[in-house]
Amino acid sequence: MDCLFCKIAAGEIPSNKVYEDEQVLAFYDIAPAAPVHVLFIPKTHLAGVRDVTAENATVVAHIFAVIPQVAAQLGVTDYRIVSNNGADAGQTVQHLHFHLLAGRELGAMG
Ligand code: 5GP
Ligand code: ZN
């Protein structure tokens, strides 16, 4: 499948990795929107939150178990988790990902 984040998960495209296990990869966003901007992706392809089901949600639970560990590793206590789903929400890569944004006052949600 021609998916950028599948290629990053497979190591076919390099990324600046923060955390990796069998199910999840976390890496720095190439165009950071905050001083700390990390993306968490499942290694298996899901197009976005719209693809999450009762059957595959365990990987999402796992990502949310990893996020606080990675945040602690990065030394941030205050952060925002965002997942854009669909064009109007600003989704540009059609592979489920969670943004971790931190390192500045993040302001109100848009
Ligand atoms: P979205 O806009 O879909 O919510 O988030 C996609 C994110 O992926 C954007 O913040 C964008 O900067 C990031 N991104 C796009 N291409 C690459 C890439 O090749 N490498 C990395 N590390 N991040 C990327
Ligand atoms: Zn993918």
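Indexing begins at 1, ligand by ligand and atom by atom, following the structure's order.
Distance from atom 23 (N) of ligand 1 to its nearest protein heavy atom, with residue and atom name: I30 N, 3.2 Å. Nearest protein neighbour of atom 5 (O) of ligand 1, counting heavy atoms only, is H97 NE2, 2.9 Å. When only non-hydrogen protein atoms are considered, atom 12 (O) of ligand 1 lies nearest to D29 OD1, 2.5 Å. The protein heavy atom nearest to atom 8 (O) of ligand 1 is F5 CZ, 3.5 Å.
Take the N/O/S atoms of H95: the one nearest the Zn ion (ligand 2) is ND1. The atom of H45 nearest to the Zn ion (ligand 2) is ND1, with the search restricted to N, O or S atoms.
Contact of the F64 side chain with the F98 side chain is registered, since non-hydrogen atoms from C-beta on lie closer than 4.5 Å. Inter-residue side-chain proximity for F27 and N16 is flagged as unmet; no heavy-atom pair is nearer than 4.5 Å. Looking at heavy atoms from C-beta onward, F40 lies in side-chain contact with V70 at the 4.5 angstrom threshold. For the pair Q94/C3, no side-chain contact is recorded, criterion being any heavy-atom separation below 4.5 Å from C-beta on. In this structure, the side chains of Q23 and V66 stay at 4.5 Å or more apart for every pair of heavy atoms.
Backbone and side-chain nitrogen or oxygen atoms of S15 are examined, and none is located within less than 3.5 angstrom of a nitrogen or oxygen of ligand 1. Among the atoms of Y28, some N or O lies under 3.5 angstrom from an N or O of ligand 1. By the 3.5 Å distance cut-off applied to N or O atoms, V93 is counted among the residues near ligand 1.
Summarising the geometry, atom CG belonging to L4 is positioned 8.5 Å from atom CD1 belonging to I30; distances are rounded to the nearest 0.5 Å. Atom CG of D51 is separated from atom CG of L96 by 8.0 Å, given to the nearest 0.5 angstrom.
Ligand 1 is approached by G90 to a heavy-atom distance shorter than 4.0 Å.
With respect to the salt-bridge test (charged N to carboxylate O, under 4.0 angstrom), the residues D21 and K43 do not qualify.
By the criterion of a heavy-atom distance under 4.0 Å, the side chain of F27, and not its backbone, is placed next to ligand 1. When non-hydrogen atoms are compared, ligand 1 lies under 4.0 Å from the side chain of L39 (C-beta onward) but not from its backbone. Contact annotation for L4 and ligand 1: only side-chain heavy atoms (C-beta onward) come within less than 4.0 Å of the ligand.
For ligand 1 and Q91, the ligand atoms under 4.0 Å from any heavy atom of the residue are 3 (O). The distance from ligand 1 to the heavy atoms of H99 drops below 4.0 Å at these ligand atoms: 1 (P), 4 (O), 5 (O), 7 (C), 10 (O). Counting atoms of ligand 1 from 1 in the listed order, those under 4.0 Å from a heavy atom of A31 are 12 (O).
One option in N84, L101, T92 has a heavy atom closer to atom 3 (O) of ligand 1 than any other, and that option is T92.
In this structure, Q91 contributes its side chain and V93 its backbone to a donor-acceptor pair below 3.5 Å. In this structure, the side chain of Q73 engages the main chain of V18 through a donor-acceptor pair within 3.5 Å.
Ring planes of H97 and F5: perpendicular class, angle over 60° (limits at 30 and 60°).
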